[in-house]
Amino acid sequence: MNFLAHLYLSKDNKNILIGNFISDAIKGKKYKKYPKEIQAGILLHREIDTFTDTHPIVKKSMRRLNKRYRHYNGVIIDILYDHFLAKNWSDYSEIPLELYAENVYSFLSENSDTFPEELQHLLPYMIQYNWLVNYASLEGIERVLKGMNKRTKGISKMDLAIEDLKLHYSEFEADFTAYFQELIEFTTKKTTHLLSK
């Protein structure tokens, strides 16, 4: 899953949210230098990624994509799923997405001095371009995909995935809705387990 889903799945635990946000930048056992709840957030992020990568519905979504993306399929589906979470946000949260994003940006900014350097650099861009809210529109997702393609120096061709999204829009949305309900249940149980260790 991409940023919005990971943040959402952290629920109300701010330390889990920090761990979930920084996890991709923490390699191997380096998570052990963080406080217990942040460690749990880092490990939760990894568990979510494993659950997602092996899930049959996610694999079905990947098969809908054009073959040109090769091993970038998973990254593309993460981004497309964040689009559907943002678009249908009111189904999952009573807090409007704009307010949720403001609160998250503010909290992450207050704690950014504890983040790995790459995330300290990334956060201002995330806030400036309001990624979390912009995921909700096709234009916003197209910008994200173009940005990701640029980061791979054009190798991924991810900018073209907006065509796949439009072509199979209702199928991708149905995939996301079914999958995300399972992910919420998985994450709730896994969070309880990680915090009880």
Inset, instruction - Return the orientation label for the Y100 and W89 ring planes: parallel under 30°, perpendicular over 60°, tilted otherwise. - result: tilted
Legend entry - Any donor-acceptor N/O pair, S196 side chain to H193 backbone, under 3.5 Å: yes
Legend entry - N/O donor-acceptor pair under 3.5 Å between K157 side chain and N149 backbone: no
Inset, instruction - Determine whether V104 and F21 make a side-chain contact, defined as any pair of heavy atoms from C-beta on separated by less than 4.5 Å. - result: no
Inset, instruction - Could you verify whether a donor N or O on one side chain and an acceptor N or O on the other, from Y105 and N130, lie under 3.5 Å apart? - result: yes
Inset, instruction - For the residue pair H83 and N2, confirm or rule out a side-chain donor-acceptor distance under 3.5 Å. - result: no
Legend entry - Sub-4.5 Å side-chain heavy-atom contact between N20 and I48: yes
Legend entry - Ring centres under 6.0 angstrom apart (Y81, F172): no
Legend entry - Exam field: side chain Q39 to backbone K32, donor-acceptor pair closer than 3.5 Å: yes
Inset, instruction - Could you tell me whether the side chains of T52 and Y179 share a donor-acceptor contact shorter than 3.5 Å? - result: yes
Inset, instruction - Indicate, with yes or no, if Y129 and M126 share a hydrophobic cluster defined by side-chain heavy-atom contacts under 4.5 Å among Ile, Leu, Val, Met, Phe, Trp and Tyr. - result: yes
Legend entry - Backbone of F3 reached by a side-chain donor or acceptor of D82 within 3.5 Å: yes
Inset, instruction - State plainly whether the residues D175 and R63 are in salt-bridge range, i.e. N to O under 4.0 Å. - result: no
Legend entry - W131 and V144, any side-chain heavy atoms less than 4.5 Å apart: no
Inset, instruction - Report yes or no: do N66 and E163 form a side-chain donor-acceptor pair below 3.5 Å? - result: no
Legend entry - Joint hydrophobic cluster, F176 plus Y169, side-chain heavy atoms closer than 4.5 Å: yes
Legend entry - Side-chain touch H55/L183, heavy atoms, less than 4.5 angstrom: no
Legend entry - Interatomic spacing from CG in N15 to CG in N111 - rounded to 0.5 Å: 8.0 Å
Inset, instruction - Give the cluster check for I184 versus L80: same hydrophobic cluster or not, with ILVMFWY residues linked at side-chain heavy-atom distances below 4.5 Å. - result: yes
Inset, instruction - Identify, with sequence neighbours excluded, every residue that meets side chain to side chain contact (heavy atoms under 4.5 Å, CB included) alongside N73. - result: M62, L65, Y69
Inset, instruction - Kindly state whether the ring of F180 and the ring of Y92 have centres lying under 6.0 angstrom apart. - result: yes
